[in-house]
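All chains are named by letter (A, B, ...) in the order of the sequence lines, taking the proteins before the strands, and each is independently numbered beginning at 1.
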Amino acid sequence: MAAHDHSLGPVLPPVKIEHADVVLVQRHSNTTVTDKIAGVVLWSPTPKQWFVIIAIAFMVLQLLPFSLGNLVVQGIGLWGINSPVGWGFDIINFVWWIGIGHAGTLISAVLLLFRQEWRMAIARFAEAMTIFAVMCAGLYPVFHTGRPWLAYWLLPYPNTMALWPQPRSPLVWDVFAVSTYATVSILFWYVGLIPDLATMRDRAKGFGKYIYGFLALGWRGSAKHWHRYETASLLLAGLSTPLVLSVHSIVSFDFATGLIPGWHTTVFPPYFVAGAVFAGFAMVLTLAIPVRKWYGLEDFITDRHLENMAKVMFATGMIVCYGYFLEVFMAWYSGNEYEWAMLMNRVKGPYAAMYWALWICNGLSIQILWFKWARRSTTVLFIVSQFVSVGMWLERFVIIPMSIHRDFIPASWGMYYPTVFDWGTFIGSMGFFTFLMFLFIRGLPMISMFEIRTLVKRPAEANH
Amino acid sequence: MSSQPNLPIPPPLDLEAIRARLDESKGPQFWRSLEEAAGAPEFQAWLDHEFTDGTSEWSDGVSRRRMVELLGATLGLAGLTSCTKQPPEKIVPYVTAPEDVVPGRPLTFASSIPGVGGVAAGVLVESHMNRPTKIEGNPEHPGSRGGTDAQTQAAILGLWDPDRAQTVLREGRNSTWQRADESLKLLREQMLSRKGAGFRLLTETVTSPSTGAAIKDLLATFPEAKWVQYEPAGRDNARAGARIAFGEPVTAVYHVDQAAVIVALDSDFLVSGPGAVRYARDFADRRRNPASGMNRLYAVEPTPTPTGSSADHRLPATSAEVEGFARALAAELGAGTPAATVKNAAFLKAAVADLAANKGASLVIAGEQAPPAVHALAHAINAALGNIGKTVHYIDPVEVSPADQAAGLKELVGEMQAGKVDTLLIAGGNPVYNTPADLKFAAALRKVKVRIRLGEYDDETGAVCHWVLPMAHPLECWGDLRAFDGTVSLMQPLIAPLYEGKQLIEVLAVLLEKGGREIRDVVKEHWRAQIGASTPHFDDFWQKSIHDGLIAGSASPAKTVALRKELAAELGAAPAGGDEVLLRPCPNVQDGRHANNAWLQELPRPISKLTWDNAVLMSPATAQKHGASNGSMVRLANAVTGPVWIVPGQADGSIVVHLGYGRTRVGKIGNGVGFSAYALRTSANPWRVLGAEVRNTGDSQVMAVTQEHGSMEGRAIVRKASLDEYTKQPDFATHEEKKHKLFSLYPEWKYEGYSWGLAVDLNACTGCNACTIACQAENNIPVVGKDQVNRGREMHWIRIDRYFEGSIDNPAIHHQPVMCMHCENAPCEGVCPVAATTHSEEGLNQMTYNRCVGTRYCANNCPYKVRRFNFFLYSDWDTKSLHGLRNPDVTVRSRGVMEKCSYCVQRINWARIDAERESRRIKDGEVVTACQAACPSGAIYFGDLNDKTSQIVKVKADTRNYALLTDLGTKPRTSYLAKVTNPNQELAPRAEAKPAHGGNH
Amino acid sequence: MTQLFPRNANSIARTSILLALVGVGGLGAALYTVNRSSYNSGQLIVKEQPVMFSHKHHVSGIGIDCRYCHTAVEKSSSAGIPPTETCMSCHSQIWSDAPMLEPVRESYRTGKSLQWTRVHDLPGFVYFNHSIHVAKGMGCEVCHGRVDQMPLMYQQNTLFMEWCLDCHRQPEKFIRPKDKVFEMGYKPQGDQLALGAKLVADYKVRKLTECWVCHR
Amino acid sequence: MSTYAPPQEQTAQAQHDPADVYGLMAEFDNQEDLMKACANARDAGYKTMDAYTPVPIHGLTDALGWDDNSVQRIVFCCALVGMSLGFGLMYMITMVWYPMNVGGRPNFSWPAFVPPTFETTILLSAFGAVFGMLAMNGLPSPYHPVFNNPRFIMASSDRFFLCIEAEDPKFDLANTRKFLEAQHPAEVVAVEN
């Protein structure tokens, strides 16, 4: 170990490979893979961008305790919600964050089932993103209640009131779905980490190795371990796939089971799931593009990765647009005056701008992805991703406040305007997310080393 | 348990109050810990402002809370965790138990409350352990028949108002009644020496015979003294009109139920003015069953009123046009007055024909604020039509002294200016605030040497008086009043004066050296003297009268009156037309007397749906002319500035401004709400400013309005038809939706036991708001303040939706009370994650506050949007006196919980318990909801749908019966009786309205 | 030597996992117990009172009927706490100068109420009505226990919602003949459940478990 | 090449007392050699042995003549338990513990119970998969004899090891070492117990 210091850092200087159409630039051995990725955490110098970002994130994060603290103390009235608009930023952001989370699970589970090699480089990263996104999402259902200190009443536990949750309510389904999703995501992520933690254990110095060693559970890469390990991963993937579909379906039930025009829609489950993946990939790109640059990971996250992600984003985006079309069509086809009024309110009501912005962000902006050059241009992808993130947030705005602010009885119609506390909570949660994300990058291997190793062409193959 | 007998204020450990504190929330606990933690003075101030009244102080929302935010955040957890256990609770039993007080059971007493013009409203008051908590109408009382108006309902809050004058003030410093009495005695000495010269008594209109007698006694003892009555919204015009017509200021009493055709001339007789509550009932009785003898109402008025919106034909007209119309009508009907021309001849022609066709069964009513001429003409027309004695009769004025108040006031001010007045005793009223601007009353008042003020509040007038003596609230008084028909209505105190209050007659007694007597006896002796001789067993009779709240058969006898020849001549010339500003008492706070009543301030005005503000009401055209829109500030006659509110259906050229606002010294609630229109008033022209300059200042103001959208969007919400359409198709309201059958995949729930249901007859509803306030009083509903109303967070369990239909210049106006529908398939219940809202075996949609965690999902999913959420701690936990007001049978909700109409389940439960104790079924009519009880026109029905003999079953069997949004499959228990209008064929129906059918196609 | 952890690390690891599991279970059990403990319910705890009033003495000793003092119990929601004059009706003659009763006499003299501490204290959002329970054959004893054997009053039962529901769901387990309602130490002739079922039918007792029966 | 130069003196051959030998460990620098070595060992009749690799290698357990599907079975049982727990909870709440009329829906509105049941099924299965796998692998085991080989840290990066354990009936320090050295390893060391 003594021989091990920074001078021995990354063995290969980062070289920009033009349009590498591979999932791994083939100039790596198992060794260099380990050194490069473990090095990011263990010995390579931390890029200054990391310090900048985490500092900003930490400051922004302070908005969260401030906003929520006041909310708990003074009342939910600090938010812009009212009658008729009982849900505003709280549920919008909840759905938005949950959606973002979905990309991670999709990449690690669904793509694993389809044996997509390109998932390996981004899975770890995306799963971490899932966990943090779900943590942010989880804040809202708790704090959106009028009496958060009683939110635990949504859990089924024996009590002196002999009362239980009311299982017909989609909110109770949410509790089951989101908690399961969070737990399974964390398990999946951790299981994936174990072999790499062993690697870190064997590379780290000083006290670090004990921490990694503790977390690695004494993993020793035994063939028998690998055997069960792979079985478990495969099963987890098989379980996570229906899980991830169910979670956003259930979230969409919050609205689909209601009878408000604009909520009461059977197309919601599929198009919420598609939307979730859509938003999720946008967020993965948003994070992956700068990180890959700052840490010189172009060998592992190649243009091929970017293009594939762009393709998924494009496909799901088109599904979402189909959903929007269907809403319009059904409003007309149903012949129901309330449905039609709902559509008209979107098209030319007081919030029409949001609706059209939604079309631009989620419908128009992604059309550029028809072109290969665009799918491979980090700049284009980064910008499109920003559009999509905003667009998906707008979608939830259009669905939630815009449907209830004008429903059946015109006399009860009203408007919804967010307050500083709405914004504080929202922006604060973004800070929280970024903060955790960058802590993760600094402390754990952000790319799965043992999986990348399986991509390394061995001399045997390399020859012919 | 609760207050001891004769203990003025409820003891600090009032069971209800403690219960309230223990109510599910962590809120009160938290606030207590916050106070403790931060005793800083500004903190106290903040708490007071934010929570003692919980009103406009919220206004600049977040910013003014900044100061406590950080502190609050840090205290948060402490506050929340520190209250997992109940603090020990004290029981405070009586020392000597009063008779017939059973702890936990309310008692009901009959009493009376003076309204505008001192006219009595007969009431029954519910008292919990000597705490009056709820006012109901007195079914025995001719002026009530069980109904009440919004002001009477809200009077209970007036009683407990913490801002009332609480102690005797001498030149602003605390003093005592003992001191006051001493100086009154001195005063008496001086007066005796000078026969009372230089002494003046200024009161509001007095209808109380006993008080009247005391005043007469005073004037007899001190012949040089003078008594002046003044009320800004008094009945001068009516009296003047009667003088012109009959030579004496007789009071007209209408028999609306006898009239087939009614013409209302600038009159809101269904909601305001003496007898309105009774008239509303009588009017509705002729419309409940359109099939049999439905009446027809023509309304000619400058600004839409509930009466106007109930009319079959409504004609917007400036006050000049109204008078013109009256003159023309009189001429056409041969009342012997000169002919006149009118703008809308067709309307006139139709009305004339209709009236002529219904001689003896028709009625013309002139409005309280209509000029004397219109009153006179109305009398003349009724005479000409032979209505006198049939649909209207005349009685001696109900006032003790039917003087011309404006003249009296003018003379008084003159004398004050001239320094002829040494002592002025101002009892009630508030002249400094509400006298016409041109009189400069305040300035004149300062010239008076001794200024004594007896008032409920230490108000604007009190501020310039040497002595401020707290006046007792009507519910703290013994006394007698006359009702609209002269019936003597008796007052008995429900509670000893909360704040040292005394009534005028007590003060007079000191001046007359007749002090020391119980007022109870003073009143009784007065009547013994009046009728004792003619009444055997007077004491028993009196006991019964007190119990009934009125002296049976004391209604004034009908007077035979004859029209004077000089009538035509004395009418004078028709008034000049042109742009005008009309002054009207506010439908809620009236002349300003209720300005500190938070319930009335937050109660949406019937037509504009404004709260916490008065406005410059304009027709759309007028607004356009002045380039004004809702909220833009305009300056009137360079005297007052106020925000514009556009009212469809208002007469072009008529701007209407409500009096009663811009109070500067009344209390936390009323101070600085709106602007005072008294500045526009002149003693010559109290109700109308002709050709006032209107200048748009360019800036604007936010108005708190509870209904932003006035159109029905073509949806079948208020369903209505003309009488013809109704006769052709009695089930017009539902025949469309009957076409498609709704079915459910789920089996239906059966309701074997009771099955509660409610119905509202839209034909009877005038939109008068009485039900909303009654509900607020019964169910401890908090007030939220202007800012919160603005954010769409008002808490009323009954909202009265107001829809305009047809042309913007003269639309049909519909009122629809909407409360929880108690849907059998309630969309709100299925989505509640904690089963806080569920369905009862009796079909009630139960809201369990203490289980609610406040996800608001139920409210989102409620298609009727009748659920209300406590976004902040709206209930006032800190003001002791308000604890006394609360209904102990209803939980006081706290922060973060949902609430909504419960069909007054507390009343159902009491009825069920009483019935079960006798193991019998609840009888029909045994459960009366607060709104049903209060409704003047009896538009609300409630009862057991499984009791086939019950009234509700009959009502719901009516062909007009329909429910809202039935196509959603919610199966509401609340339904409506569709509106049927009775338009005159000669006139095009007001709204080009073909009946709006059920179902949405 | 590249072993990171000592030999016994494995056993330590596994035992700590075991302990963690036990700990979680234990915590749950602890919360459950505290939640139901008399600390939370106030059950069986004697509270400080201005006068050491003994129900035992007055009920079993002297044989005063509950209704002599709790007059409203058959008419109203609250059973009613006796006014001072009720105490004085006897104690003006007997024990008229017992120092223990000074607070009572003082109250009577000064007209200031005695302030008792509530023993059966329901939260403000619970509406209980004595009259109907008494009328339907629910004995005082069922909720208040053997008051005739309580020198100092305490709360016999938990007053938890689940406790109310227990009876509201199966009144037959507790109901007794109307004439035995105020009797202490009542023993059913024969099988309570059989008798109960009959009484429930006779008295038309409804099994009310919906929210608005108690919460409004 | 490796970033490490593990200290030489430790890799020097040392005679061990057979009693405290855990096994003999052969180090390979590519997985093909390892695979061959395993297959040979299996054919040579060795049973108690294990291979250690930085990457999962398909077919390696076959080469070792070893198979196992305990994780699958555990997950299946957990799934059944989770499903019955979930549905049972919903059923008890609505039918037994506190039946009430909610929005006019029947007490047994089973369609509403599907989502929670589904979630509990997934949750318990996932627990089964993860904790079953760890348990079956005897993890955590921070201490293990194989770590005694100073070069074993390479097993988590780029080297491949085969360890024939002393328990194996056919194990004999000398012969087994001979056998292993015949498999062209980088080196063979005895691992202390």
Checking B:E794 against chain A: side chain, backbone, both or neither under 4.5 Å from a heavy atom? neither
By a 4.5 Å heavy-atom criterion (distance strictly below it), what part of A:V85 contacts chain B: side chain, backbone, both, or neither? backbone
Max heavy-atom pairs within cutoff under 4.5 Å with chain A, candidates B:R868, B:E829, B:R856, goes to B:R856
Part of A:W164 within contact of chain B (heavy atom distance under 4.5 Å): backbone
Between B:P827 and chain A, which part of the residue has a heavy atom less than 4.5 Å away: side chain, backbone, both or neither? side chain
Would you please classify the geometry between the A:W332 ring and the A:F329 ring as parallel, tilted or perpendicular, with 30° and 60° separating the classes? tilted
Part of A:M161 within contact of chain B (heavy atom distance under 4.5 Å): side chain
For a 4.5 angstrom cut-off between non-hydrogen side-chain atoms, does A:I98 reach A:H248? yes
Salt bridge check: are B:R719 and B:E736 linked by an N-O gap of less than 4.0 Å? no
With a 4.5 angstrom heavy-atom cut-off, is it the side chain or the backbone of B:T838 that approaches chain A, or both, or neither? neither
Please flag which part of A:Y152 lies under 4.5 Å from any non-hydrogen atom of chain B: side chain, backbone, both or neither. neither
Is there a side-chain contact between B:M712 and B:H814 in this structure, where contact means two heavy atoms from C-beta onward sitting under 4.5 Å apart? yes
Contact part of A:F255 toward chain B, heavy-atom cut-off under 4.5 Å: side chain, backbone, both or neither? backbone
In terms of heavy-atom pairs under 4.5 Å with chain B, the winner among A:D174, A:L68, A:V172, A:L259 is A:L259
Mind ranking A:H144, A:R406, A:R168 by heavy-atom pairs under 4.5 Å with chain B and telling me who comes out on top? A:H144
With a distance cut-off below 6.0 Å to the six-membered ring centre and an angular limit of 45° from the axis, does B:R793 pair with B:F871 as a cation-pi contact? yes
Sort out for me which of B:V853, B:V834, B:V866, B:V831 touches chain A most, counting heavy-atom pairs under 4.5 Å. B:V853
Under 4.5 Å heavy-atom distance to chain B, tell me which part of A:D254 shows up: side chain, backbone, both or neither. both
Could you check whether any side-chain heavy atom of B:C820 comes within less than 4.5 Å of a side-chain heavy atom of B:T974, counting everything from C-beta outward? no
What residue among A:F426, A:F433, A:F89 forms ring-ring contact (aromatic ring centres under 6.0 Å, His included) with A:W97? A:F433
Is it the backbone or the side chain of A:L71 that comes under 4.5 Å from a heavy atom of chain B, or both, or neither? backbone
May I ask you to test the A:P156-A:F176 pair for a side-chain heavy-atom distance under 4.5 Å? yes
Region of B:Y857 that comes under 4.5 Å of a non-hydrogen atom in chain A: both
Chain A contact via B:R867 - which portion, at a heavy-atom distance below 4.5 Å: backbone
Can the positive tip of B:R851 be found less than 6.0 Å from the middle of the six-membered ring of A:W153, inside 45° of the ring normal? yes
Scored by heavy-atom pairs under 4.5 Å with chain B, the best of A:G80, A:P141, A:A341, A:P84 is A:P84
Find out whether B:C901 and B:M821 are in side-chain contact, i.e. whether some heavy atom of one side chain is under 4.5 Å from a heavy atom of the other. no
Can you check whether B:H815 reaches B:I607 side chain to side chain, under 4.5 Å on heavy atoms? yes
What part of B:C862 lies closer than 4.5 angstrom to a heavy atom of chain A: side chain, backbone, both or neither? backbone
Which atoms of A:I400 are under 4.5 Å from chain B, going by heavy atoms: the side chain, the backbone, both sets, or neither? neither
